[in-house]
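Only a predicted model underlies this, so the values are computations on that prediction, with no experimental measurement involved.
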Amino acid sequence: MGKLVSSISYLSGDLVDDLHFHNEYEILFVVEGKIEVCIDNSSFVVEKNQIVFITNLEKHFIKQLTPTYKRYRLCLKTLATDTLMHNSNLLS
């Protein structure tokens, strides 16, 4: 898809998500509904017009909290993102 972007998708409907991780950065933008994002030992409620950034190799799962859940999902290639990002605070 490109040097930086691994995939872009718009998803709607019921969510079935198990604990997993991947070797890429994941950005979720919630368009409608509410979810609970569980990353390692922390949980966050994310609602309409909010963004979640999940780093690579973080174990996570998402629990749908409302009947309707629509979102955009952007995955960024880890090596390309790290190479382009010159801010050590963001990389940590």
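- Applying the salt bridge (charged side-chain N to carboxylate O under 4.0 Å, His left out) test to residues at least two apart or on different chains, none of the pairs has a partner in residues 56-69.
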| message | Applying side chain to side chain contact (heavy atoms under 4.5 Å, CB included) to Val30 and Ile35, what does each step give before you reach the verdict? | response | CA-CA 8 Å; Val30 177; Ile35 57 172; 4.0 Å; yes
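- Applying the side chain to side chain contact (heavy atoms under 4.5 Å, CB included) criterion to Val52, with sequence neighbours excluded, gives Leu28, Val37, Val46, Ile54.
- Residue Phe21 belongs to a hydrophobic cluster whose other members are Leu57, with links defined by side-chain heavy atoms closer than 4.5 Å.
- Members clustered with Val45: Leu65, by chain and number, using a 4.5 Å side-chain heavy-atom cutoff among hydrophobic residues.
- Every pair passing salt bridge (charged side-chain N to carboxylate O under 4.0 Å, His left out) that includes a residue from residues 27-52 is listed here, sequence neighbours excluded: Glu32-Lys70.
- The shortest non-hydrogen separation linking Gly13 to Gln64 is O-OE1, 3.7 Å.
- With sequence neighbours left out, Thr68 forms a side chain to side chain donor-acceptor pair (under 3.5 Å) with no residue at all.
- The closest side-chain heavy-atom distance from His60 to His20 is below 4.5 Å.
- Among residues at least two apart or in separate chains, salt bridge (charged side-chain N to carboxylate O under 4.0 Å, His left out) pairs with a member in residues 17-30 are Glu26-Arg73.
- Under the side-chain contact (heavy atoms from CB on, under 4.5 Å) test applied with Arg71, the options Val31, Ile62, Leu15 reduce to a single match, Leu15.
- Note on Tyr69: it does not cluster hydrophobically with Phe29, by side-chain heavy-atom contacts below 4.5 Å among ILVMFWY residues.
- Cluster partners of Leu19, by chain and number: Phe61. The rule joins Ile, Leu, Val, Met, Phe, Trp and Tyr whenever side-chain heavy atoms lie under 4.5 Å apart.
- Under the side chain to side chain contact (heavy atoms under 4.5 Å, CB included) criterion, Ile27 pairs with Ile51, Phe53, Leu74, Leu76, sequence neighbours left out.
- With values rounded to the nearest 0.5 angstrom, Cys38 atom SG is found 9.0 Å from Phe44 atom CZ.
- With sequence neighbours excluded, the residues forming a ring pair (Phe, Tyr, Trp, His ring centres under 6.0 Å) with Tyr72 are Tyr10, listed by chain and number.
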